[in-house]
2 protein chains.
Amino acid sequence: MPDADRVLPPTTKDLARAAGVSRATVDRVLNGRLGVRQATVDRVNQAIRDLGFVRNMAAANLAKGRSYRFVHLLPSSGDLFLEELERCIAEAARFSADRLVTDIRRIDANDPHAVARDLAALGAEGCDGVALMAPRSPPVRDAIARLDDAGVPVIPFVSSQGGSFVGIDDRAAGATAGLLMGRFAGAGSGSVLVLSETMTAQDSLNRRLGFDAILAARFPALRVPASLETYGDPDRTRAVLSRAVAGRPDLRGLYVLSSEARVPLDVLGGMDLPRDLVVIAHERTAATVAALLDGRVSAIITQDPGHLARSVLRRLKALSDGREVFAAQERIRTEILLETNL
Amino acid sequence: MPDADRVLPPTTKDLARAAGVSRATVDRVLNGRLGVRQATVDRVNQAIRDLGFVRNMAAANLAKGRSYRFVHLLPSSGDLFLEELERCIAEAARFSADRLVTDIRRIDANDPHAVARDLAALGAEGCDGVALMAPRSPPVRDAIARLDDAGVPVIPFVSSQGGSFVGIDDRAAGATAGLLMGRFAGAGSGSVLVLSETMTAQDSLNRRLGFDAILAARFPALRVPASLETYGDPDRTRAVLSRAVAGRPDLRGLYVLSSEARVPLDVLGGMDLPRDLVVIAHERTAATVAALLDGRVSAIITQDPGHLARSVLRRLKALSDGREVFAAQERIRTEILLETNL
DNA sequence: CATTTTCTGATGCACGTGCCTCAAAACATT
DNA sequence: AATGTTTTGAGGCACGTGCATCAGAAAATG
């Protein structure tokens, strides 16, 4: 083992030697402490550049006794995507190099005041960051602002209305669905149905907006009537779908808008639909993948829950120590899944 | 700051207390050292489960003075994707939490004996792992085996023939291109041209295989003549393309097979092509993205070079310390890019 | 020049884990 | 009981960095 000439990354000790100062001064410069002459600061920074010094974050966090306590607030609905997401969060936390504890709590995301109360309660808990999956509303926004003032960053997670958040843009996801729908449906006129659990949710609205915009701009021959709402009920789904299909001999496509596509896809299996009907659904779950494989679905638009979970943890960490994130790693992609790239 | 009741992840000290043993014994159990009674081992393992203990890898690596020295051997061609990949590798190494040094070297990947020589030379260098992007051939395979025997893991990177490797499956990528081509081209018959730099490269062959298989199975009305080879030459590209287009009034699609799509796409811009020609290209580069945005290209099939770079580093690390990787994070996705999900 | 102020060096402990040594304890064998 | 063997405990140093403290040097001020 020729271990002698191994080039190890430089440490603060190497820096000190190269800059001709002591480790204490290097430390003062690195951590921006006062009382160092500009000339000395420059010498140290020059050495940093010369040696290509990179702070060993693992050692730094160890020394600081840094630990992170994060809380994830997720809606208490039981959809498949959410379950998978929860699994991924727990897994990502376990695999994290740092000492971190994550709490996953289910909240009543649709009651703004309940959410605000839950957020306020977190302030007293001494947690270092919150990932919140709930619609933004004035009470919630205020609660977030108060937490932020108290130094507890809150990251909107997966879905949020307005402002930045971790997750894909619903409008872009809808537009991608629309583009695929138009391309797959081929030239010529026809109609495309949009099936949604409920259109009151903001994410559904945004997807629909993106979908409509693309269809209007690029495929004007395709007509899109008002969305059919299922309220998650299999019987109702069957009923509205049958009625809509019966009335439209020119049906070319079906866009399953909601995140919970299981019920509509199950219903679809038992119906007598036009051959070559283009069906597009959201989120990779056991239900959508099965449907893609047996041909009920043509494409799935999704985001990787594992990536989401890891990304939000990295972002929370970066926020709590005032660092920048490694942007390239945090771009959540709007993925298109076909049979060939599952 | 209610910091008192913060629940910190347990340390080996907590483990020792819970199991009623000393830290030395905990250490023996954790690191599988001999000379501990089974009953004691069980007590410690029980405590690990009870407390949910997870080893602090950062501290462990710090203590071990663990450092990684990896070498990336990349082909010395100058294509855009490769440049981007190189950038990502350097960036990923800088952002790594561990102390690691990566060397990126350009090699003559198409000369099996030269590659084998380069690999052999690495054995004496005392490096901890190699990422190799070169076709597999008998001399190369032997060199890899020798390195492996010497305890230096070698990971085939991005493209490899046979065996597992880090990167997307070329056949699946070709199949995805084929599926999109068939769907986008619509019903009815027509022909689809395949344009490649050269068909001698194994990755081109595999893409073509996947592409053909899907077209034959799902879109038999589309004809795919023999691939047009450009040898990277703009004039030749223009010539073969013009000739092929002129002879085919039924042209519906064009599949740009090679990783270096810049030349064909540039040529395409100046040509008089059928409206609604479906063009599909590989790899996200400045050239392909520009073409997607101005409509010369309909879809890009790609893999994320940043993810590739980070993934191969994590895998090399895991291999050198005999750990398992976090599989979910290492699945390299075959991505489909449209205007709406760039 | 003397004095104050500003800057720097030397040193040490801490973080959680790995790894070592040495002695003490528990156990097994005669 | 005496002996040998295996198992355990106690303690310490190391890794690279953060964060103290204190004394000494250099610079600025009088």
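The sequence lines fix the lettering, A, B, ..., with proteins before strands; numbering per chain opens at 1. Below, all heavy atoms of this structure are taken into account, side chains as well, without hydrogens, waters or symmetry copies.
Nucleotide C:dG18 holds its C1' atom 13 Å from the CZ atom of B:R66, rounded to whole Å. One interatomic measurement links the two molecules: CG of A:L30 to P of D:dC19, which rounds to 11 Å at whole-angstrom precision. If you take CE of B:M57 and C1' of C:dC15, they are 17 Å apart, rounded to a whole angstrom. Between the P atom of C:dC19 and the CG atom of B:L34 lies a distance of 14 Å, rounded to the nearest Å. Here the P atom of nucleotide C:dG16 and the CG atom of A:D98 are 13 Å apart, to the nearest Å. The CG-P distance, from B:L8 to C:dT17, rounds to 12 Å in whole Å. Atom CZ in B:R23 sits roughly 14 Å away from atom P in D:dC13 (whole-Å rounding). Atom C1' of nucleotide C:dC15 and atom CG of A:L62 are separated by 4 Å, given to the nearest angstrom.
Backbone-only engagement by B:R99 is indicated by non-hydrogen atom pairs under 4.0 Å involving sugar-phosphate atoms exclusively. Contact annotation for A:A24: base contact, defined as any heavy-atom pair under 4.0 Å involving a base atom. Counting non-hydrogen atoms under 4.0 angstrom, A:R55 reaches the backbone sugars and phosphates but no base. Residue contacts shown for B:D27 include a base, since a base heavy atom lies under 4.0 Å away.
Residue A:A59 has its side chain nearest to D:dG16 when only C:dG18, D:dG16, D:dC19 are considered. Among the nucleotides D:dT17, C:dC19, C:dT8, the one closest to any side-chain atom of A:V36 is C:dT8. Ranking C:dT17, C:dT11, C:dG18 by closeness to the B:K64 side chain, first place goes to C:dG18.
Of the side-chain N and O atoms in B:S22, none sit less than 4.0 angstrom from OP1 or OP2 of D:dA10. Between B:N31 and C:dG18 there is a side-chain polar atom (N or O) within less than 4.0 angstrom of OP1 or OP2. OP1 or OP2 of D:dT8 sits under 4.0 Å from a side-chain N or O of B:R37. Proximity of A:T12 to the phosphate of D:dT17: a side-chain N or O atom is located under 4.0 Å from OP1 or OP2.
Ion pairing of B:D321 with B:R66 is present here, as a side-chain N (NZ or NE/NH1/NH2) and a carboxylate O approach within less than 4.0 Å. Between B:E125 and B:R105 there is a salt bridge, since at least one side-chain N of the basic residue sits less than 4.0 Å from a carboxylate O of the acidic one. By the 4.0 Å N-to-carboxylate-O rule, A:R331 lies too far from B:D304 to be salt-bridged with it.
Between the side chain of B:R28 and the base of D:dG9, at least one donor-acceptor pair of N or O atoms lies under 3.5 Å.
A donor-acceptor pair under 3.5 Å links the side-chain atoms of A:Q303 to the main chain of A:I168, judged by distance alone. Side chain of B:R310 to backbone of B:A92: no donor-acceptor contact under 3.5 angstrom is found.
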